[in-house]
Structure formats: structure tokens, C-alpha cells
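Taking it in order: structure first as C-alpha cells, then the write-up.
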Amino acid sequence: MQYAQIVLPLNLKGSFTYKVPEELMSDIKTGMRVLVPFGGKKIYTGIVFELHDNAPENFSAKEVISILDDQPILPEEQIDFWNWLSDYYLCKLGEIYRFAFPSSLKLESETYLKLKPNTTVDFENLDVNEMYLIQALEVRQLINLTDIEAFIPKKDIIKTINSLIDLQYIEIDEKIAEKYKAKEVAYVKINDEVLGNQNLTEILVRLNRSSKQKDLFLAILEKQTEHPEVPIRKAELFEDGYFGSSHFKGLADKGLVEEYLMQKDRIESYEGEIEELEELTEQQKEAKNEIDEAFEEGKNVLLHGVTSSGKTHIYLEKIDECIQEGKNVLFLLPEISLTKQITQRLEKKYGRQLGFYHQKLTDFERVEVWRRIKHNDIKILIGTRNAMFLPYRNLGLIVVDEEHDSAYRPREASPNFNAKDAALVLGNMYGAGVILGSATPSVESYYNARKDKIKYVFLNERFGNVNLPEYELINFKEAQESKKVSGNFSLHLIDEIKKTLDEKNQAIVLHNRRGYANVIECESCGYVNYCSNCDVVMTYHKAANEMKCHYCGQRASKPRSCPKCQSEKLNERGVGVEQIHEEVSKLFPDHVVDRMDVDSMRKKFAYEKLYEKIEDGETDIVVGTQMISKGLDFDHIELVTIPKADSLLYVQDFRAEERAYQLITQVSGRAGRVSGKGRILIQTYNPDHSVFQLIKMNNPAKIYKYILTERQKFHYPPFTKLIMIELKHRKEDKVNRASQFLGSILRKYLPEECVLGPERAPIARLNNLYQFQIMLKLPRGKKYDEFKKMVLLSLNEFDEITAYQSIKKDVLVDF
DNA sequence: AGCACGCCGACT
DNA sequence: GTCGGCGTGCTC
């Protein structure tokens, strides 16, 4: 095997061919990391994806510099998984690599500057910047490029460096820095020789003159003899303040004790009591049996369990079984803030065998988890979508909790894949069973279950036979006509909240729109504030007293008068959650009303604080956006109200109804978890709308049937496959031409009815990039693969036009 | 993605 | 006249 296909952490297609030097041939294996030169003088950490003997024809391969691992860091299963992801989602292996590995594991060379040896610098002829740089280099021999920014203005850096290189004073070098340092902790022990020497009395007599040292010596000796297997941390000796480090040093100088260092995991693990699981209810047992059967047939499972039906309970049972069989578990969650409940329960049972992996870990913490997974120290890994790429060796089970959640596919992620779907494939690679769990499964998963591609398991009762919440639709139009409203609330709804509060219970008000008002509009000329980076109006946030663009995050001050016609009559239009919160606060001045949305939860621990407040009953009403539909499992929430439910449906998206159903059902699940007397009030202008009517009936099968019929009628997923191609560029005419061109190529290879567009994106400009999109509607089944090859062909043809290379192109498969 | 090369506008 | 902008091309 003389050649290796290496994947590099760059946004480039496929892999690169390198020659394996003779001396590395016997050691190199697929899945190992290697250092390779690339381009001018850069060195990258690449991964060996394939070894072969086919010499490249069109170029001469460079040589692998060295191998970084003694065993493959990436298991075969992951290599297969990456290849699948790249094929299916039409993304680059380099993108996956960058996403999958913590940056400390894929070091690249950094450019350094150093003084040329044996040169005398003539300071007379240097400018200020040049002098600074030379002086800095005299102090520390190496300086990397980013450090220079600290003392030379950014725009002068290149000039300064070039000039000094011309003068032959400095030179450029590349260096790979080892970034990851294991955290080491100091431990102490009695010197081995001292222990061997039986004459302890003699030692103690010698210590009589320094009583503290003697006490310390005895303390260490006692710990060590009582628990010889437990290392003694140096820090713990000084914890009660009685001993100081000078006492230890005294003993060490006498050769009685010694200090040694050990690596410590950065991640703190649970060390408390370990607890057994509760027994399953009859219904849960039945569900578990069905899962077992499915797994035996080699089928994956969609676990559809209404809120508080005890899905977690079943997960725990399956997890336990899997671990008994000596296999490991991956538990996926849409976002890390939801880990609380599941973690607490798992920690009690599995303690240190539990690991976490998510976006909030530091890079070093990620590396630690990698190592622990590699060493098989972790039995259960709880994590978000990026945890799918850890180097598992023997996965036996993957759980995807809240599988419908859109966080499994963040909009602007690279590589863009759906973690829920990818989990099924990952499970297949490892021969592990996969459970997708949700109270409101995605329509696609439900359809797959219906088509028997995955097994459908339904839990339709709440734990402890508690009743499901009851829905009531309030006709807001009628209420308005009979003048029974106050602002955005019907008197009936207000009355219901009042009743709930009188019974010392809590209520939730859902309004899924951030800010105070959607638009601020000039009454006389109609002027509205546009974001300067995007083609969207800015939202008024009263709490922060500013205008915000919800797409690029830009902020601006609230205008006092119309910048166009100077009129001071500015109208606020469109209702945001802040306004609903304000109204509720005014309606219930004697109660505590809190707001929960991304804007109010931005501060550190804001979420935790509010969570505690609700738990302790200090909050009476929580007004919030969709955030409140997740993780708020409290006993005293009895009422959920949605004053402006229509806004959930007025979204331009074929998934609007599905999303509305999921959101309403999820937030409803917060009510009456214990009492079984939960009530949901949906206030709408269209109480006859099918979605509301079906929700009221509380019959999931009917809702899914309705949504599926609609999807079939309009040729949307799951009946067709969608691929969305987005093109972005700073110049509108350029991206317009490019998308017309790509559209024509696609039409050349695909039937006319499959290609929609190109057209301007609903938000024509975002972050100063103009956007055009082409939607591909492709048939399912065998034909799909064939058509997708054509798409790939078209995209490659497009890529050959060099003039369009500066255009950002995103391909979203299964949009 | 990074980096070098090369061609056009705003300044000493 | 130069500096520096960024459009283009290339990397095993």
C-alpha cells in the first residue's frame, strides 16, 4: 500500500492522494491521523480514509510527513458513516471532518516569525511598527501572526512583515503547536524507602522538634495505610487550613514524603449514590416488548408516547439492558439545556460511566470525552448532534429523544444533515438498534412507521392513568363582536386564568413571536425600519428599548420620529411576546408574571433562576415563546393559553401545520401532569380550522392522516423528496445570473416538473448577501438515486464555471 | 478554506 | 507614481 487517500479539514471536495514513505508503510492504517503538507508550506492533520496502490496520473503525490496515532482514531463504522453523509447530503468530507473533530485533534501549522540568526539590526532606518516587531522578537523568539495584532495596527501588519523580510532581518516559519495539555493534579505519598524502613519511631522522634510536620506526616501515613489504593491529593491536605505547604515542603526536604503528578479528567463526574430503576407499568411493559421484537427483526422504532407517558422510563430500561449486554449507548437530545431530567435519573444509576458531549464544552473537554470513549470508559453518552461523531466502538443502542425537534437540523449548519435521519444510518453501521422518541413525531417518521419501514410503538396514556389535558377553542371574532375582550384577550380567557390562580395553580401563556411589536410604522408616510444588512423589517423590543433584526442580530435605536417625513406619529403593529407579557401583567397586577424567551433568557443562569422560581411557586404566570414548550415539567401548571393561535399557522412553510400541532401539543403537555385536570385554551379567529379542530379531538392518528393527505395533494414530503439549492452573493445581478444558469443545467438533466425556480428567496437579502433558491422536487424510491446523480452532475458542471466560484452555494437535501 | 498572483482605483 | 482592494486559480 504505497498511497493513501487523506481527508483534510478544508472545504474541498473528496480526499487527496499522498505517497506513504517506506518507513511508515507498516504502521499506517485507515482511520489514523497523519501530518501532510498541503499547498505552499502549510501542514495539516489529515485522516487516512483509504490505502491503495494506484499511483495518481495527473499529478505527483506529496509524501505523508508522519503518523500521529498508534491506533486508528476513527473506527471503520465512522468512516462508513462519513462517506454516507457526504454521499447522501452532497456535502464535503472536509466539512464533516471539521465538524466532527475537536480542533485540538486536528492541528494545523501556524505561521511564525523569527529573527534571522546573526543579523544586526540598524534601528535608524526602521519605522515605529518595524521597531516594535523587532523588539518583540528579541524578547520572545517566536511570534505568531495573530499575536502581532496586539501591537501593530491590522492594516500595517503585512507591510511591516514584508519590509522586514526584504531587509533580511526576519524570516517566516511554520510550526505545529501541541495544544492539548492534560490537566495534572499533584498527589502525595510517603516515600517508599521510609515505608520499607521499619524504624518509624526513630523518624517520629526526629520530627519532635517540628510538631506540625509530625502531625502532617502521621496524617498522610494514616490515610495511606487505611486506603492504600486511594491516591491522596496534595490539595486535600491543606483544605482545613491546619497544614500549610511549608510543612509539606519540610517533610519532602527530609526525604520522608514525595509528590507526584497524575492526569485528571477535566470533566467532573457524579460520585453520589447509585439507584435502581422503578418498575414499568403494564402499558410501558407492553411497549418495551414491542421494541424488543422490532430489534430482533432488525427494525428500528418510533416510540410515540403522549406527554408524561413515561417514554424516559422505557429508554432507561432499554439502556440498562444494552449495558448489561456489554454494549454502549448514545442518547441524543436536540439541545443541551434539556438534559436535566434524563441526566439526573441516569446519574443515579450509572454514575461515572456517563459522559456528555455538546456544543457548550470547551475544546479540551471535548478531547477528554474523545479519549474516554476511545478507552471505553463511557457506557452512556448523552449529547447533541455533534456527539454522533465520537469514536464509539461497540454501540448497542441509539436513542433520539424529541425526534421531531428542528434543532436536529439547524438551519445554517455545515455540514447540513438531519441528525434524526443520520442516527438511523449510524445505528445501522454499528448494528445498533435506534429508538426515535417523541410525543409529536415528525410527519416523515410517522409516515415511515406507517409504511412499516420502522416499527411504530404507541403509548397513549399518561403515567399513573392521569387524564390528558382538555382543549377548548375560543372564537375571538365572536368575543370581539360581543365586546367581551380586553386587548388581545377574551374575557373568558382572562376568567379562566383567574380561576387557575385562585386555586393556587400556575398558568402558561404561549405567544411565539419575539419582541414587542413586529413593525414600527410612520402613520403619515408609511415608513418602516429596514435592517441595513437584510431585507427585513426590524422588530421593536421594548424591554431593551431598541430595534432588532431577528435574522442578522443587528440592533438600532428606536426612532422618535419618522426619519423620512419627521412625523412623530409612529404606530406599533404586530403583537410580540413582550406586549402579551405587558398585557397579562396589567390584567393580573397582584400576581407574578414572568417572561421566557431568548431575549429575557440571555443572561447567565437566567433560565435556571426562572426554573427555580416556577418550581418554588413564586411565579404565577409564565408568558413565553416556544421555549416554554420544552423541559418545564412542573406539578402545578394547570392551564395553558394561546391567545393568538392563528399566528402559528400564518407561516409560509409547508410544515406550518405540522409545527403548529407539535408546538401546541408540546406546550399542552405542561398542564395537569399530576392532577390530570389540565386545560388548554386556544383563542383563534378560525375555530373551524382543521388543525385546531383535530387538536381539540386529541386524536393523533387523525391529525397525521389530515397532514399526510395535504402533503400528498401538494406533492410535498414525505411523498416527494426535496432538495433546496441556495445561492448567495454580495452582488444581486451576479447571483441572479448564476442561479439562472444552474437552473438551466438542472433542467437539461431533470424533468421540467422537478425543478422549481430559481427565484429570489423570501428574504431576498440576508447579512448583505443576496439569495436565490432553486427547489428540486424529486420522486421517492429507485428513481431518486438516479435523479440525485443528475443533480450531482449538474452541480459539478456549475462548479466548473470559475466566474461563479465566489458564489456561496448551499445544498439542502431533504429540505 | 487559505494563499499567491494579477489587475484596477485613491492616496503620498 | 505606489498601495492595497479583491477577483481568480490552485492545492494531492
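All chains are named by letter (A, B, ...) in the order of the sequence lines, taking the proteins before the strands, and each is independently numbered beginning at 1.
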Just checking [X]: base, sugar-phosphate only, or nothing, at a heavy-atom cut-off of under 4.0 Å?
X: Y18(A); result: sugar-phosphate
X: K13(A); result: nothing
X: T802(A); result: sugar-phosphate

Exercise. Less than 4.5 Å apart, any side-chain heavy atom of Y430(A) and any of L426(A)?
Worked result: yes
Row check, [Y] ring normal vs [X] NZ/CZ: under 6.0 Å, within 45°:
X: R385(A); Y: F417(A); answer: yes
X: K19(A); Y: Y3(A); answer: yes
X: K420(A); Y: Y408(A); answer: no

Value in whole Å for how far the [atom2] atom of [N] lies from [atom1] of [X]:
X: I801(A); N: dT8(C); atom1: CD1; atom2: C1'; value: 14 Å
X: I43(A); N: dG2(B); atom1: CD1; atom2: P; value: 16 Å
X: I161(A); N: dA4(B); atom1: CD1; atom2: P; value: 11 Å
X: Q5(A); N: dT11(C); atom1: CD; atom2: C1'; value: 15 Å
X: I807(A); N: dC6(C); atom1: CD1; atom2: P; value: 17 Å
X: L12(A); N: dC10(C); atom1: CG; atom2: P; value: 14 Å
X: N58(A); N: dT11(C); atom1: CG; atom2: C1'; value: 14 Å
X: L8(A); N: dA1(B); atom1: CG; atom2: P; value: 14 Å

For this session: For nucleotides 5-12 of chain B, just jot down a letter per nucleotide in 5' to 3' order: B, S or -, based on protein non-hydrogen atoms under 4.0 Å.
Result: --------
Exercise. Are OP1 or OP2 of dC3(B) and a side-chain N or O of K42(A) less than 4.0 angstrom apart?
Worked result: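 Checking dC3(B) against K42(A), a side-chain N or O does come within under 4.0 Å of OP1 or OP2.
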Problem set entry | Distance in Å, L332(A) CG paired with L381(A) CG, rounded so as to fall on 0.5 Å steps |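 Going from the CG atom of L332(A) to the CG atom of L381(A) covers 8.5 Å.
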For this session: Could you tell me whether E76(A) and R393(A) make a salt bridge, using a distance below 4.0 angstrom between a side-chain N and a carboxylate O?
Result: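 Not counted as a salt bridge, because no side-chain N and carboxylate O are separated by less than 4.0 Å.
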Seminar exercise, completed: For K13(A), the side chain to side chain donor-acceptor pair (under 3.5 Å) test, sequence neighbours excluded, returns N796(A), D799(A)
For this session: Looking only at side-chain atoms of L10(A), point me to the closest of dC12(C), dT8(C), dA1(B).
Result: dA1(B)
